[in-house]
Amino acid sequence: MSGHGPHTMLADANHDEAAREHFVISLKERIASDVTPGTRMAFEARCAPAFTKANGREPANRIDVRHALSGDSYYHMASSLKRTTQELMWDSVGETVERQINSLIVKAKSGTKPKGSLRLDPGLKLPRYLTAVDIHCMPGNYTTDLTEDDVFAGALYDRSVFLFVMGILGPYNDDVGQTLAAYLKAENPDFKPRRILDLGCAIGHSTLPYCDAYPEAEVYAIELGAPMLRYGHARAESLGREVHFSQQNAERTDFPDGYFDLVISHILLHETSHKAAPKILKETNRLLAKGGLSVHCEGPPWDRMSAYDASILDWDTHYNAEPYIGKLHDLDPVEMMADAGFDRANYIEKFVPSLSIGALFGDLLKEGNNGIDGNWWFFGARK
């Protein structure tokens, strides 16, 4: 595993803090390699036969599989370990950030003349899907300000995501953006967007690759959490990237009609809601100029994998405070884009091989999905 990519906003871990982080990663790796496979064995040996005997049929979908596993002690143990490592991750990094929060705030405010910009909206009404739950158990979620000019949530997220994925997204946690930007350039060599918008950018991990892929374009990014944006802006400046960050709800932004040629999101929609997701896709249609692209990276729909594998990925819906994952991946993405006003004939759906991950989803992806067997799945449309 490589280390964090250096930049001036990254909170530094001392010896003991780094040791705790390495413990979390080691425990996560041990669970993934030695514990999680046992859940499949328990399902095949005990849970599936018991479900079939009780119901007169085999488990047919992720819900059946979850019900079949729910009474198994091994599954309880594996789930408890996964949840525990998630909480340990936030706790270990949280101490590191808390120790340095005052100096991080000073750093975020003390940059030279900025390349990009930061626009906050203290009066913005936050949606309930962010205020009612701490997404993936992150304390305070993306939106909680603990002090004036706070950057705690952003600093916590930056170090913690690296632990969560065990470094497999690269030193700057930007593999999603790197992969999608490279694919779009390769597939559309004549496409030269004037303006690009990243929806739900968090701290800009996936945003910055578009600055490199399309250096002539103006890159914009929106997010609901002010502490994420303050940190993300300072991080982008420290890395020499020009991004215009603003605090906005992706359901309805203040940009004019047809302002962008490329509107993207990276693992955003599953953190919204059944009402919000259609509004966000409809907003991308409004924002796009004629001929523009709307592209959204997510985990693949449930019908791209077996019922068992879908159930394992759906674990986060029930036990990791990401309540919309299950419902989102039940939806037909073609119909979602059509309902947002896009022509079905212009629909796009691809599996794109990751640039830095050997196999993020392992054998969950089936060969032959539109001719591509890869790691990241995205859908979208051209206007």
Side-chain angles (χ1 to χ4, degrees), residues 176-202 204-211 213-214 217-224 243-246 248-301 324 328-329 331-352 369-370 372 374 376-383:
V176 188
Q178 291 281 5
T179 298
L180 186 50
Y183 177 80
L184 290 173
K185 279 185 69 72
E187 286 293 300
N188 306 275
D190 297 325
F191 181 55
K192 300 186 185 302
R194 298 162 301 164
R195 300 185 192 91
I196 299 170
L197 174 63
D198 185 12
L199 304 173
C201 65
H205 283 150
S206 294
T207 313
L208 301 195
Y210 295 88
C211 299
Y214 299 104
E218 297 177 6
V219 178
Y220 295 76
I222 66 170
E223 167 62 43
L224 285 162
V243 179
H244 302 287
F245 291 93
S246 60
Q248 301 195 55
N249 188 329
E251 297 174 48
R252 182 66 182 181
T253 70
D254 62 10
F255 299 113
D257 294 356
Y259 196 63
F260 297 97
D261 301 295
L262 177 61
V263 179
I264 48 179
S265 71
H266 308 85
I267 323 297
L268 162 70
L269 294 174
H270 78 271
E271 294 186 358
T272 62
S273 72
H274 208 54
K275 291 182 179 179
K279 292 179 181 178
I280 291 171
L281 294 179
K282 186 171 291 187
E283 176 70 352
T284 68
N285 194 334
R286 183 186 73 81
L287 292 172
L288 277 178
K290 185 67 175 177
L293 283 169
S294 170
V295 185
H296 308 278
C297 190
E298 272 291 343
Y324 187 48
L328 176 68
H329 293 94
L331 300 177
D332 182 344
V334 179
E335 294 305 313
M336 291 174 69
M337 295 305 291
D339 290 343
F342 291 93
D343 190 329
R344 286 182 175 82
N346 294 330
Y347 175 76
I348 306 166
E349 177 182 332
K350 297 289 184 180
F351 284 106
V352 183
N369 286 298
N370 293 323
I372 294 180
W376 293 112
W377 179 83
F378 76 82
F379 72 100
R382 186 181 292 276
K383 184 170 180 180

When you measure from the side chain of Thr253 to the backbone of Ala250, do you find a donor-acceptor pair of N or O atoms at a distance under 3.5 Å?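 No; zero donor-acceptor contacts below 3.5 Å.
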Tell me whether Glu251 is salt-bridged to Lys282, with the criterion being a basic N under 4.0 Å from an acidic carboxylate O.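 No, Glu251 and Lys282 are not salt-bridged.
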At their closest point, which heavy atom of Ala217 faces which heavy atom of Pro193, and how far apart are they?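 Shortest heavy-atom separation between Ala217 and Pro193 comes out as CB-O, 3.1 Å.
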Between SG of Cys211 and CD of Glu218, what distance do you get to the nearest 0.5 Å?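 Nearest 0.5 Å value for the SG-CD distance: 11.5 Å.
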Under the side chain to side chain donor-acceptor pair (under 3.5 Å) criterion, do Ser294 and His296 qualify, and how do the steps go? CA-CA 7 Å; Ser294 170; His296 308 278; 2.8 Å; yes
Using the ring of Tyr214 (Phe, Tyr or Trp, six-membered ring only), decide whether Lys185 places NZ or CZ under 6.0 Å from its centre and within 45 degrees of its axis.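 Pair Lys185/Tyr214 counts as cation-pi.
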Show the numbers, then the answer: is there a salt bridge (charged side-chain N to carboxylate O under 4.0 Å, His left out) between Arg344 and Glu335? CA-CA 8 Å; Arg344 286 182 175 82; Glu335 294 305 313; 2.6 Å; yes
To check you understand the geometry: which heavy-atom pair defines the closest contact between Gly258 and Ala289, and what is its length?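 Heavy-atom minimum between the residues: O-CB, 3.5 Å.
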Should Ile348 and Val295 count as side-chain neighbours, where that means a heavy-atom distance under 4.5 Å?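 Heavy-atom side-chain distance check fails, nothing below 4.5 Å.
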Just wondering, do Arg252 and Arg286 contact through their side chains at under 4.5 Å, heavy atoms?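 In short, these two side chains touch, coming nearer than 4.5 Å.
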Decide side chain to side chain contact (heavy atoms under 4.5 Å, CB included) for Leu293 and Val263; before the verdict, give the C-alpha distance in whole Å, the side-chain angles of both, and the deciding distance to 0.1 Å. CA-CA 6 Å; Leu293 283 169; Val263 179; over 6 Å; no
Can you check whether Leu287's main-chain N or O pairs, donor with acceptor, with Asp257's side chain at less than 3.5 Å?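 Pair absent, no side-chain N/O of Asp257 close to backbone of Leu287.
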Return the minimal non-hydrogen interatomic distance between Leu262 and Leu288, and the atom names on each side.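 Of all heavy-atom pairs spanning Leu262 and Leu288, the closest is N-CD2, 4.0 Å.
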Is the shortest heavy-atom distance from the side chain of Phe191 to the side chain of Leu184 under 4.5 Å?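 Result no, sub-4.5 Å side-chain heavy-atom pair not found.
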Listed once per pair and sorted, the salt bridge (charged side-chain N to carboxylate O under 4.0 Å, His left out) pairs that draw on residues 259-274, sequence neighbours left out: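 Passing the test, one end in residues 259-274: Arg194-Asp261.
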Quick one: does NZ or CZ of Arg195 land under 6.0 Å from the six-membered ring centre of Tyr259, within 45 degrees of the ring axis?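 Here Arg195 passes the 6.0 Å and 45° test against Tyr259.
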Determine whether Tyr183 and Phe378 satisfy the following criterion, ring pair (Phe, Tyr, Trp, His ring centres under 6.0 Å), listing intermediate values before the conclusion. CA-CA 11 Å; Tyr183 177 80; Phe378 76 82; 5.6 Å; yes
Are side-chain heavy atoms of Glu349 and Pro333 found at a separation under 4.5 Å?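 Result yes, sub-4.5 Å side-chain heavy-atom pair found.
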Just say parallel, tilted or perpendicular for the rings of His274 and Tyr324, cut-offs at 30° and 60°.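 Because their plane-to-plane angle is over 60°, the rings of His274 and Tyr324 count as perpendicular.
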Can you tell me how far the CG atom of Leu197 sits from the NE2 atom of His244, to the nearest 0.5 Å?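 Result: 12.0 Å between the selected atoms.
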Spacing of Tyr220 atom OH and Asp198 atom CG [to the nearest 0.5 Å]: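 Going from the OH atom of Tyr220 to the CG atom of Asp198 covers 14.0 Å.
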Gap between atom CG of Leu199 and atom CD1 of Ile264 - 0.5 Å precision: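 Answer for the CD1-CG pair, Ile264 versus Leu199, is 8.0 Å.
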Can you spot which of Asn346, Asn188, Asp343 makes a side chain to side chain donor-acceptor pair (under 3.5 Å) with Arg382?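 It is Asn188; the other options fail the test.
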Which distance, rounded to the nearest 0.5 Å, do you find between the NZ of Lys279 and the CG of Asn249?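 One finds 8.5 Å between NZ of Lys279 and CG of Asn249.
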OG of Ser273 to CG of Leu328: how many Å apart, nearest 0.5 Å?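 Atom-to-atom, Ser273:OG and Leu328:CG are 10.5 Å apart.
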So Phe255 and Phe260, would you call those rings parallel, tilted or perpendicular, with 30° and 60° as cut-offs?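 It falls in the perpendicular class, over 60°.
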Are any of the side-chain heavy atoms of Tyr210 and Leu180 separated by less than 4.5 Å?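 The answer is yes; the side chains approach within 4.5 Å.
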Under a 4.5 Å cut-off applied to non-hydrogen side-chain atoms, are Phe379 and Leu269 in contact?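 A side-chain contact exists here, since the closest heavy-atom pair is under 4.5 Å.
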Mind listing the closest non-hydrogen atom pair of Phe351 and Pro300 along with its distance?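 Smallest interatomic distance, heavy atoms only, reads CE2-CB, 3.9 Å.
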Any non-hydrogen side-chain atom of Leu268 less than 4.5 Å from a side-chain atom of Thr272?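 They are in side-chain contact.
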Can you see which heavy atom on Ala181 is nearest to which on Ala213, and at what distance?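 Here Ala181 and Ala213 meet closest at CB-CB, 3.9 Å.
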Please report the closest heavy-atom contact between Asn285 and Lys383, naming both atoms and the distance.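 In this case the closest contact between Asn285 and Lys383 is O-NZ, 2.8 Å.
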Criterion side chain to side chain donor-acceptor pair (under 3.5 Å) on Trp376 and Glu298, from CA distance to verdict: CA-CA 7 Å; Trp376 293 112; Glu298 272 291 343; over 6 Å; no
Any heavy-atom pair between the side chains of Cys201 and Phe245 that's under 4.5 Å?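 Yes, at least one pair of side-chain atoms sits under 4.5 Å.
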